[in-house]
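Data first, discussion second: the structure below is written as structure tokens.
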Number of protein chains: 2
Amino acid sequence: MVVDDEPSIRDLLSASLRFSGFEVLTAADGQEAVEVAERASPDLVVLDVMLPDLDGLEVAKRIDAPVLFLTARDATEDKIAGLRVGDDYVTKPFSLEEVQARIRAVLRRTRVEGAPATRLKVADLELDEDSREVWRGGRQVRLSPTEFKLLHYFMVNAGRVLSKAQILDHVWNYDFGGDAGVVESYVSYLRRKVDDVEPRLIHTLRSVGYVLREPPPAG
Amino acid sequence: MVVDDEPSIRDLLSASLRFSGFEVLTAADGQEAVEVAERASPDLVVLDVMLPDLDGLEVAKRIDAPVLFLTARDATEDKIAGLRVGDDYVTKPFSLEEVQARIRAVLRRTRVEGAPATRLKVADLELDEDSREVWRGGRQVRLSPTEFKLLHYFMVNAGRVLSKAQILDHVWNYDFGGDAGVVESYVSYLRRKVDDVEPRLIHTLRSVGYVLREPPPAG
DNA sequence: AAACGACCTGAGGGTTAGCTGAACGGTCAC
DNA sequence: GTGACCGTTCAGCTAACCCTCAGGTCGTTT
């Protein structure tokens, strides 16, 4: 369930989550949120801390589901003192990558399912979502936060062609105003750090985008 | 639904889409677009970002359908801020091939996850619309963007004779001023890259056009 | 068979998309 | 404060690409 009073954020999140295969309900204020949650028993609630009627933390108390809070960046730590075990938070403005990663992490922790694989693997490139570690050919590689998010997005969508606009929309914060040049820079960084050996996995499709894929067996 | 204030663009698009079997409604400004969309619930909206009354992004918010934006090339922002998941965009001047490809991609993504085949196949020539990969006789072939668009147009219209004028109209941007000689050049490139083995698939019909087809079984 | 038009293709020039090193400013830990 | 790290922008460069052109080939007509 997605709870936010701004329609644009609500739509952004619910569309993105539906696309990823989640079933999504929405609410625009705390009152509605509590009602819907009672009826539908969602597995997880994405909840804006700043709501017109009730405080988000207050809402969380009345909901029997793990919560992923959305908070303003300048919110000091004590603001989220109401975090229960299993909850988590993301600061606005977020990127879709960020939110989805946190959602999956929360669900993983609260679900009974015993240790589902958090390892992504493409050829000899491996990424652990939990520990945020990355290996290429057995050798561990250190990545900055943005590099990690970008690589994660690539690996989740391995084999699919991604345009720079798509990448910008998912990996960068939704209010990022710059141009797509920054994507080129980060692809360059990633290539140097994790794609400097054969077989090359990150491929450029001129004037189309990028794709991470294992080259076909018979070249 | 097609929304653009320039009649020439509107007609170009709607005629081309109708010919391809789509049912098309049109609107000339944002106000009309919102009204028509409300009444008719289109499956997809092709929407010029620059409209006389409302901003295209504003219109998109009020429409409950995936959107394919038309933007000017010189819009330096490679990031369309309002781009929701499932939306896409094409820069002006576009080619009809481009627009139709994007439309199909958006519909494919938003329709039920019925994994429809995105593979075109003629004899031992195969083309994947998603990954933009092409194989001839199992061997992968690298094509430039224009080569790919041309081959795609051929394959979608396999067995149909295409005049150079038709090809120019569909594969090249609508403002292309050059002559049809360029088509000959690109057919030549394609022959070298994907039609250098028997059976030959691209055939010249002198003073008529070209056709991509499998030769009849018995000579 | 000659003449003509249509087509093929190699070569070349102008253009553009993408790559990357460098620089700048911000943030955070110490 | 100070330094390390990070995110972003920018500009020069390169390689890929698009288009044109011209000389040659091939088919058709006279």
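Here is how names work: the chains are called A, B, and so on, in the same order as the sequence lines, proteins then strands, and each is numbered from 1.
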Query raised in the report: So which nucleotide from C/dG5, C/dG18, C/dC8 ends up closest to the side chain of B/R206?
Result: C/dG5
Report task. Remember a base hit wins even if backbone is also touched, and classify B/K164 as base, sugar-phosphate or nothing at under 4.0 Å, heavy atoms. Result -> sugar-phosphate
**Report entry** Lys/Arg-Asp/Glu bridge criterion (N-O < 4.0 Å) met for B/K92, B/D4
**Finding:** yes
Query raised in the report: Where the side chain of B/Y189 is defined as all heavy atoms beyond and including C-beta, which of C/dA11, D/dC10, C/dC8 is the nearest nucleotide?
Result: C/dA11
Query raised in the report: Do B/S95 and B/E97 meet the criterion of a side-chain donor-acceptor pair at a distance under 3.5 Å?
Result: no
Query raised in the report: For the base of C/dT9, is there a side-chain donor-acceptor partner from B/R192 under 3.5 Å away?
Result: no
Query raised in the report: Under the 3.5 Å rule, do the base of C/dT20 and the side chain of A/Y186 count as making a donor-acceptor pair?
Result: no
**Report entry** Closest listed nucleotide, where the reference is the side chain of A/R142 and the choices are D/dT9, D/dC21, D/dC6
**Finding:** D/dC6
Requested in this report: For the residue pair A/S131 and A/R119, confirm or rule out a side-chain donor-acceptor distance under 3.5 Å.
Outcome: no
Report task. Identify whether any heavy atom of B/G181 sits under 4.0 Å from a base atom; if not, whether one sits that close to sugar-phosphate; answer base, sugar-phosphate or nothing. Result -> nothing
Query - Parallel, tilted or perpendicular, as decided by the 30° and 60° cut-offs, for the rings of A/H152 and A/F148 - result: parallel
Query raised in the report: Among C/dC19, D/dC17, D/dT9, which nucleotide sits nearest the side chain of A/S185?
Result: D/dT9
